[in-house]
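Here the structure comes first, spelled out in structure tokens, and everything after it is commentary.
Scope of the values below: all heavy atoms of this structure, side chains included, with no hydrogens, waters or symmetry mates. Throughout, a chain's letter reflects where its sequence line sits, starting with A, and its residues are numbered from 1.
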2 protein chains.
Amino acid sequence: MHYGESALQDILRLKPDVAILDIEMPKRTGLEVAEEIQSLNTKVIILTTFARQNYFETAVRIGVQGYLLKDSPTDRLTETINAVVKGATVYDPELVRHVLRTENNPLTEREIDVLQAIAEGKRTSAIAEAVFLSQGTVRNYISSILSKTGAQSRIEAVNIAKKHQWMNR
Amino acid sequence: MHYGESALQDILRLKPDVAILDIEMPKRTGLEVAEEIQSLNTKVIILTTFARQNYFETAVRIGVQGYLLKDSPTDRLTETINAVVKGATVYDPELVRHVLRTENNPLTEREIDVLQAIAEGKRTSAIAEAVFLSQGTVRNYISSILSKTGAQSRIEAVNIAKKHQWMNR
DNA sequence: AAATCAATATGACATTTGTCATAATGAATT
DNA sequence: AATTCATTATGACAAATGTCATATTGATTT
């Protein structure tokens with residue numbers, strides 16, 4: 001395990017063109033390091049296992065030049081390094097898509113669970129069983145889903161949610 | 001326009017290997033001619049513009065060796081003639097599919113109209129307006145759709161009908 | 001520490017749906 | 001000619017659904 005602190009010291013000393021940082025490191029996270037060195041000309045690429053939107057968003061806010069997931073194809077890293085050196089900014093497309101999906105998604109986790117059950121054609125009692133909630137709660141959720149989507153009926157809500165890809169996670 | 005009667009006379013006289021017949025001809029339809037000559041060794045291919053399932057079904061019942069639509073690709077006719085001479089039987093796949101669809105489709109035209117509106121997420125009042133029916137009638141249709149599909153809810157009915165392709169014509 | 005939000009629940013009420021009986025008409029089939 | 005079937009309708013009743021007010025709990029954010 002590498003220490004964020006030593007990474008920071010190395011970068012400050014060596015002033016590399018590109019620094020590839022993990023996020024979860026002891027002492028200092030990759031994001032903290034990235035923030036510290038933003039005044040340098042060193043480009044930062046975050047390479048991490050964690051697809052947490054929170055991390056991604058702060059990375060973008062700090063202004064890193066790259067953000068990749070460790071499970072993305074290996075040659076993508078080399079491509080990204082080359083692109084970043086040339087001045088480009090590269091964000092993992094999966095992640096961007098995911099953020100866009102959740103960003104505009106007005107539905108909560110539970111509401112999505114319920115909506116998925118609705119899409120299968122289940123009626124309230126069956127939905128309640130499927131998600132282990134009382135029928136009343138399910139009806140409340142549906143009511144909320146309808147008002148959030150602006151739909152007039154369960155089916156319309158499903159149609160709208162599908163169009164916006166709000167129904168997957 | 002050719003006469004079915006003269007086609008029949010010609011076939012009886014010439015005893016061809018294959019006879020290609022239209023259906024709608026004056027005096028005698030192609031289907032009548034096909035029926036008359038079934039004792040001969042002449043293979044019959046029906047080539048017609050009319051995609052009426054009624055025609056197709058009687059043709060199959062009579063036992064014709066081929067049934068094609070005039071708007072199918074031209075080389076299909078030559079293929080079919082060759083295949084039929086070799087003893088095969090060739091039915092237009094589109095037509096077969098269509099028949100299978102309507103054959104097992106328990107829904108009436110009107111019910112399909114209603115179900116389509118349901119799939120769009122319309123509620124009863126909106127459906128009634130869309131198909132120019134009273135709300136009561138719409139609810140009766142839905143009730144009937146539910147019992148015919150065995151569904152418990154509108155959405156389930158839509159899902160089932162989509163799976164069986166019962167919602168298009 | 002306070003405020004916000006998601007998750008969960010209940011009760012009451014209004015509206016929407018689904019079901020059933022019944023009926024008229026016209027087209028198609030036997 | 002009689003039967004069947006699709007289309008259309010109404011009325012009455014039961015069940016399901018949607019809405020609203022209200023409340024508790026725990027997590028997250030300010």
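The minimum heavy-atom distance linking K43(B) with V84(B) is given by the pair CB-CG1, 3.4 Å. Scanning both residues, I145(A) and A157(A), for their nearest heavy atoms gives CG2-CB, 4.0 Å. Closest approach of M167(A) and I112(A) over heavy atoms only: O-CG2, 3.7 Å. Across every non-hydrogen atom of V64(A) and T89(A), the tightest pair is O-CG2, 4.0 Å.
The CD atom of E109(A) sits 11 Å away from the C1' atom of dA7(C) (whole-angstrom rounding). Between R110(A) atom CZ and dA27(D) atom P the separation is 15 Å, expressed in whole Å. Regarding E111(A), its CD atom lies at a distance of 8 Å from the P atom of dA6(C), rounded to whole Å. Atom CG of L133(A) is separated from atom C1' of dA6(C) by 12 Å (rounded to the nearest Å). One atom, CD1 of I112(B), and another, P of dA6(D), lie 12 Å apart when rounded to the nearest Å. Taking atom CD of residue E156(B) and atom C1' of nucleotide dT17(D), one finds them 17 Å apart after rounding to whole Å.
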Protein heavy-atom contacts under 4.0 Å, written 5' to 3' over nucleotides 10-28 of chain C as B (base), S (sugar-phosphate only) or - (none), form the string B-----SBBBB--------
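Listed pair Y141(B) / dA6(D) fails the phosphate criterion, with no side-chain N or O lying under 4.0 Å from OP1 or OP2.
Rounding to the nearest 0.5 Å gives a distance of 6.0 Å between CG of L68(A) and CG of D92(A).
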